[in-house]
Amino acid sequence: MSRRWQRSGKRIGPALAGAAGVLALAAAWEAYKALVPDDGWVLGEVRVLPRTSDVAMPHLWDMAARAAEPLTSAPDSPPLWLATLQGAGFTLGVSAVGWVTGVVFGLLVAVLMARFVPARAGLLPWVVLSQTVPLIAIAPLVKRWGAQLEIGTFDWQDWMSVAVIASYLAFFPVSVGALRGFTSPDAAADGVRLDLFRAYGVGWWTTFWRLRAPSSVPYLLPALRLAAANAVVGTVVAEVSTGLRGGLGRMIVEFGASASADPAKQWSPIAGAVLVGLAATGLVALVALGLRRYRVEETA
Amino acid sequence: MTAVVVSGAGRVFDGGSGAGTVALADVDLTVGEGELVSLIGPSGCGKSTLLRLIADLDAPTSGSVTVFGKPADRAREDQDYGIAFQQAGLLPWRSVRANVELPLQLRGRAGRAERAARAAELLALVGLADFADHRPDQLSGGMQQRVAIARALARSPRLLLMDEPFGALDEMTRERLQDELLRIRASTGAAVVFVTHSIAEAVYLSDRVVVMSPRPGRVVATLDVPLGGPADRAARGIELREDPAYFERVSAVREALHSGDTAPDRVPS
Ligand SMILES: Nc1ncnc2c1ncn2[C@@H]1O[C@H](COP(=O)(O)OP(=O)(O)OP(=O)(O)O)[C@@H](O)[C@H]1O
Ligand SMILES: [Mg+2]
């Protein structure tokens with residue numbers, strides 16, 4: 001069955017390409033380090049190529065060796081790689097909460113805009129405007145607001161502020177993508193399917209669940225992927241700017257501060273961030289797998 | 001009771017500014033129970049617009065439309081008609097069977113088993129019994145169109161509205177589906193309003209051909225086609241397509257179409 005072959009090929013393809021990409025990056029790193037002098041290239045007053053000294057660009061094997069050593073010189077300190085993995089797990093968890101929150105909120109906004117045309121005109125500019133607010137500026141604000149929040153015995157945690165910021169970034173692509181998807185039957189040649197649903201005499205919500213929502217999937221999946229990337233970046237940046245402990249963002253800042261003494265150390269949390277990104281991409285791929293029925297090409 | 005009565009119907013589309021397009025002006029049309037009436041005319045003469053008025057997918061700016069004695073909107077709410085367009089408009093994420101079941105699933109109380117039985121029956125009727133579990137994108141254009149027709153028949157409507165349903169198909173497939181439509185008509189007794197660009201198709205299928213003309217869209221002639229009932233026609237098939245009586249009607253429709261071009265004021269015969 002050639003069809004099945006193609007399909008499994010499609011599934012293995014991206015993984016191979018990804019692995020090849022990582023190898024190519026590693027090779028480029030070491031090649032650059034080997035070819036460019038330690039001090040980089042300086043033309044007149046301007047440094048056109050960055051330094052390649054072991055402080056600025058440690059060898060990959062030095063990074064790996066450092067990851068195997070303990071985190072600090074304290075006697076019971078865990079190895080660096082374990083601390084990094086724990087940090088990555090924490091960051092991934094916060095990102096996931098932010099992603100889910102952002103996706104739910106983005107879908108709600110999109111439904112609202114699809115259902116009420118005046119809401120579309122009123123909301124869409126704000127949705128776009130919301131993303132021009134600098135993240136660094138709002139992060140401490142969100143943290144302060146959260147700290148003042150008191151709902152019965154519910155206690156606002158600092159990580160929740162970070163998740164809120166991540167969701168703030170995740171919601172944008174989802175709301176825009178879902179709106180395009182929900183309204184795609186209006187544009188589809190002559191709107192035959194919408195005419196059909198009208199001929200069946202069913203209401204807006206039935207039409208939504210049976211036609212608009214399934215039609216939106218091809219538009220929604222890229223948006224979910226973008227939202228996942230945004231959620232991870234948002235989490236790491238918000239960890240830094242709110243000073244939240246436990247995640248990769250804080251580790252990158254802390255280790256970066258001691259980079260001249262221990263240059264290989266800060267690369268561990270950076271690699272951890274890459275891992276978090278890969279995990280997030282994988283999770284979205286699972287969602288896509290669950291929705292594959294709706295990804296079929298348009299038919300006549 | 002008559003299936004469709006359109007009286008003095010007009011439809012003007014606002015072009016935003018100025019006079020607007022008169023898509024239909026003062027159209028009268030009556031379709032009897034079980035009758036097949038074709039609408040034919042050059043592009044832009046308002047065939048689709050007229051069909052959409054009957055289907056209550058659009059509202060007339062003047063005049064009235066009744067379907068089985070009810071206002072068109074009531075008839076739509078009651079799902080008194082089935083409809084098919086030039087594009088099959090199947091839902092690609094549903095199997096062929098689930099596509100045919102769609103109207104039953106959206107409205108009405110038919111249970112799962114009942115729906116499946118009805119879908120199987122309809123797919124057999126259009127010759128696609130073996131394709132129930134296929135996806136629409138695995139079917140050819142002609143097969144997709146047959147699924148769309150089966151779907152239109154799902155609730156056993158006594159009126160079928162069809163807008164160039166065979167328009168995108170090749171001649172062979174087209175003639176096969178025409179025979180199929182005749183057989184379906186013979187077995188269901190449904191009235192049909194059929195929009196087409198093809199004179200041959202209109203004559204072959206119809207009891208009556210309504211010739212329309214553009215700017216403004218109106219009916220210029222109505223011609224009877226006394227070539228026998230649908231079962232009869234389907235049985236004769238190719239032989240009917242070569243019958244002199246058939247050719248005579250084809251010529252008559254062609255003349256009416258061309259005189260519609262030059263003498264817009266000609267009264268319906
Ligand atoms: N939604 C609309 N808005 C504005 N004008 C319209 C609209 N629908 C149809 N018209 C105009 O009404 C006239 C009749 O259109 P209609 O689609 O009914 O023609 P038709 O006979 O079905 O043509 P064809 O054979 O090409 O399908 C055309 O001039 C068209 O431009
Ligand atoms: Mg048309």
Side-chain angles (χ1 to χ4, degrees), chain A residues 1-7 10 114 117 177-178 180-222 224 287-300, chain B residues 48 51-52 54-58 72-96 98-99 102-108 134-145 147-148 151-152 154-155 157 159-161 163-165 167-169:
Chain A
M1 297 209 59
S2 64
R3 225 187 156 85
R4 186 160 302 160
W5 274 111
Q6 275 173 12
R7 222 177 275 162
K10 259 185 221 155
V117 176
R180 271 197 61 195
F182 292 155
T183 52
S184 63
D186 300 294
D190 295 336
V192 192
R193 295 189 180 89
L194 273 181
D195 279 345
L196 273 173
F197 275 75
R198 184 167 154 75
Y200 299 146
V202 294
W204 193 88
W205 284 105
T206 305
T207 308
F208 177 79
W209 286 116
R210 298 289 181 188
L211 180 63
R212 290 184 187 276
S215 305
S216 76
V217 170
Y219 298 84
L220 197 56
L221 289 178
L224 291 180
V287 174
L289 201 65
L291 293 173
R292 68 185 174 286
R293 184 150 87 95
Y294 301 100
R295 296 180 69 184
V296 252
E297 305 297 315
E298 280 283 281
T299 54
Chain B
S48 296
L51 196 85
R52 292 173 64 83
I54 300 171
D56 188 45
L57 296 176
D58 191 7
D73 54 343
R74 270 278 309 288
R76 178 177 62 81
E77 293 288 334
D78 295 349
Q79 290 195 279
D80 283 340
Y81 66 80
I83 193 161
F85 302 95
Q86 179 168 355
Q87 288 162 301
L90 303 178
L91 306 185
W93 53 86
R94 286 178 162 242
S95 69
V96 164
N99 265 288
L102 180 71
L104 303 172
Q105 195 185 6
L106 292 181
R107 296 275 304 269
H134 282 59
R135 306 243 147 230
D137 59 359
Q138 296 173 306
L139 304 187
S140 70
M143 290 158 99
Q144 293 188 15
Q145 203 49 259
V147 177
R151 178 181 60 187
R155 295 181 67 91
L159 173 64
L160 261 183
L161 304 177
D163 193 348
E164 298 186 46
L169 306 178

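The structure presented is a predicted model; accordingly, all values stated were derived computationally and were not measured. By convention in this document, chain letters (A, B, ...) are assigned in the order of the sequence lines, proteins followed by strands, and residues within each chain are numbered from 1.
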Under 4.5 Å from any heavy atom of chain A, what part of [X] do you find: side chain, backbone, both or neither?
{"X": "B/Leu102", "result": "side chain"}
{"X": "B/Asp78", "result": "neither"}
{"X": "B/Arg155", "result": "neither"}
{"X": "B/Gln145", "result": "neither"}

With sequence neighbours excluded, residues passing salt bridge (Lys or Arg N to Asp or Glu O under 4.0 Å) with B/Asp73: none
At under 4.5 Å between heavy atoms, what parts of residues 201-211 of chain A are in contact with chain B? List them by residue number. A/Gly201, A/Val202, A/Thr206, A/Arg210, A/Leu211
List in chain and number order the residues that pass side-chain contact (heavy atoms from CB on, under 4.5 Å) with B/Pro157, two or more places apart in sequence or in another chain; answer none if no residue qualifies. none
Nearest non-hydrogen partners of [X] and [Y], listed with the distance:
{"X": "A/Leu196", "Y": "B/Gly89", "answer": "CD1-O, 3.7 Å"}
{"X": "A/Ala199", "Y": "B/Ile83", "answer": "CB-CG2, 3.9 Å"}
{"X": "A/Asp195", "Y": "B/Arg52", "answer": "OD2-NH1, 2.6 Å"}

How about B/Gln86 and A/Val192: do any of their side-chain heavy atoms sit closer than 4.5 Å? no
List for me each residue that meets side chain to side chain donor-acceptor pair (under 3.5 Å) alongside B/Ser48, sequence neighbours excluded, and say none if there are none. B/Asp163
Taking A/Arg293's backbone N and O only, do any of them form a donor-acceptor pair with B/Arg135's side chain (distance below 3.5 Å, no angle check)? no
Main-chain N/O of A/Tyr200 paired to B/Arg76 side chain as donor or acceptor, under 3.5 Å: no
For B/Arg107, does the CZ atom have more than 12 heavy-atom neighbours from other residues, nucleotides or ligands under 6.0 Å away? yes
